[in-house]
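Step one of this worksheet: look at the structure below.
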Amino acid sequence: MKNIRIIIVSLSFILLTSCALKPITSEYAFIKTNIENVELNDLGNGNVLIYNGANILHKMDNTARLNIWLDNKPLGQIRPSEYVIITLKNGKHHFKVLHIDVVNMRSEHEVEIDNETKVIKIKPTITSNKLELTNEFPKNFDKFKYAEKR
C-alpha cells in the first residue's frame with residue numbers, strides 16, 4: 001500500500017512537471033524599454049512588439065510558455081503576459097512556435113511585415129498555436145512585463 005502511494009505521488013509529480021518547456025537562447029537583439037514608455041505610435045517602421053496572449057487555462061497548468069523561432073533563428077521563450085520588441089525588415093517572415101501540452105504542439109506561420117505592422121499576438125491553443133497581427137495592445141497591457149533573454 002505504501003509503495004503504491006509513493007508510485008502515484010511520483011507519477012503525479014512527473015506529469016505536473018512534464019509540461020515545463022525549457023527556454024531557448026535568443027539570437028535576436030531585443031529593444032529594451034520600460035513598460036511606461038511603450039507607446040503604440042513608437043512601433044511600426046520595423047519595430048514590432050510580440051506578446052504571449054495565453055489565457056488563464058494555459059497559465060494554470062504551466063503550458064503557456066512559447067518557444068519561438070523567427071526565420072529559422074531562435075527568438076527565445078516568451079512566457080505568459082510577457083512581450084519583446086524587435087526590429088524586422090519589411091517582407092515575409094517565417095515563425096515557428098512550440099508549446100508543450102502533454103505533447104509538443106508546433107505550428108508555423110508566414111507573416112508579411114510592412115511599415116504599419118506594430119503588434120503580433122501569439123498564444124497557445126488546445127491543439128496548436130495561434131498567431132495574429134493585432135496592431136493594438138492587449139486590454140491588460142499594464143500587467144505585462146518585458147521578457148528577459150534567457
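Starting from 1, each residue takes its place in the sequence as its number. No hydrogens, no waters, no symmetry mates; every other heavy atom, side chains included, goes into these values. This one's a predicted model, so the numbers in the text were calculated from it and none came from an experiment.
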### Query
Stepwise, does the side chain to side chain contact (heavy atoms under 4.5 Å, CB included) test hold for Leu88 with Val111?
CA-CA 11 Å; Leu88 294 175; Val111 176; over 6 Å; no
### Query
Could you go step by step and tell me if Trp69 and Phe95 meet the side chain to side chain contact (heavy atoms under 4.5 Å, CB included) rule?
CA-CA 6 Å; Trp69 289 263; Phe95 284 80; over 6 Å; no
### Query
Is there a side chain to side chain contact (heavy atoms under 4.5 Å, CB included) between Asp101 and Ile126 once you walk through the steps?
CA-CA 8 Å; Asp101 196 349; Ile126 286 182; 5.6 Å; no
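Heavy atoms only, all atoms of each residue included: His99 and Leu66 are closest at CB-CD2, 3.7 Å. The heavy-atom pair separating Lys121 from Tyr51 by the smallest distance is CD-OH, 3.0 Å. Of all the heavy atoms in Glu136 and Val119, the pair that sits closest is O-CG1, 3.4 Å. In terms of heavy-atom proximity, Thr127 sits nearest to Met105 at O-SD, 3.5 Å. Of all heavy-atom pairs between Lys130 and Thr125, the closest is CB-CG2, 4.0 Å. Closest approach of Leu40 to Asn135, counting heavy atoms only: CD2-O, 3.7 Å.
With rounding to the nearest 0.5 Å, the separation of CG in Asn47 from OG1 in Thr117 is 11.5 Å. Atom CD of residue Gln77 and atom CG of residue Leu98 lie 9.5 Å apart, to the nearest 0.5 angstrom. Distance CD1/Ile113 to CG/Asn90: 8.0 Å, rounded to 0.5 Å. In this structure, the separation between CG on Asn129 and NE2 on His109 is 5.5 Å, given to the nearest 0.5 Å. To the nearest 0.5 Å, the span separating CZ on Phe137 from CD on Glu39 amounts to 7.0 Å.
The side-chain heavy atoms of Lys96 and Arg106, taken from C-beta on, include no pair separated by under 4.5 Å. The shortest side-chain heavy-atom distance between Asp42 and Leu49 does not fall under the 4.5 Å cut-off. Counting heavy atoms from C-beta outward, Asn52 and Pro124 have side chains that approach closer than 4.5 Å. Side-chain contact between Ile78 and Ile122 is absent, with no heavy atoms from C-beta onward closer than 4.5 Å.
Each of Leu131, Ile85, Ile86 was checked for a side chain to side chain contact (heavy atoms under 4.5 Å, CB included) with Ile50, and the lone residue meeting it is Ile86.
Heavy atoms of other residues, nucleotides or ligands lying less than 6.0 angstrom from CD of Glu110 number more than 12. When the shell of 6.0 Å around CD1 of Ile4 is examined, it contains 12 or fewer heavy atoms from other residues, nucleotides or ligands.
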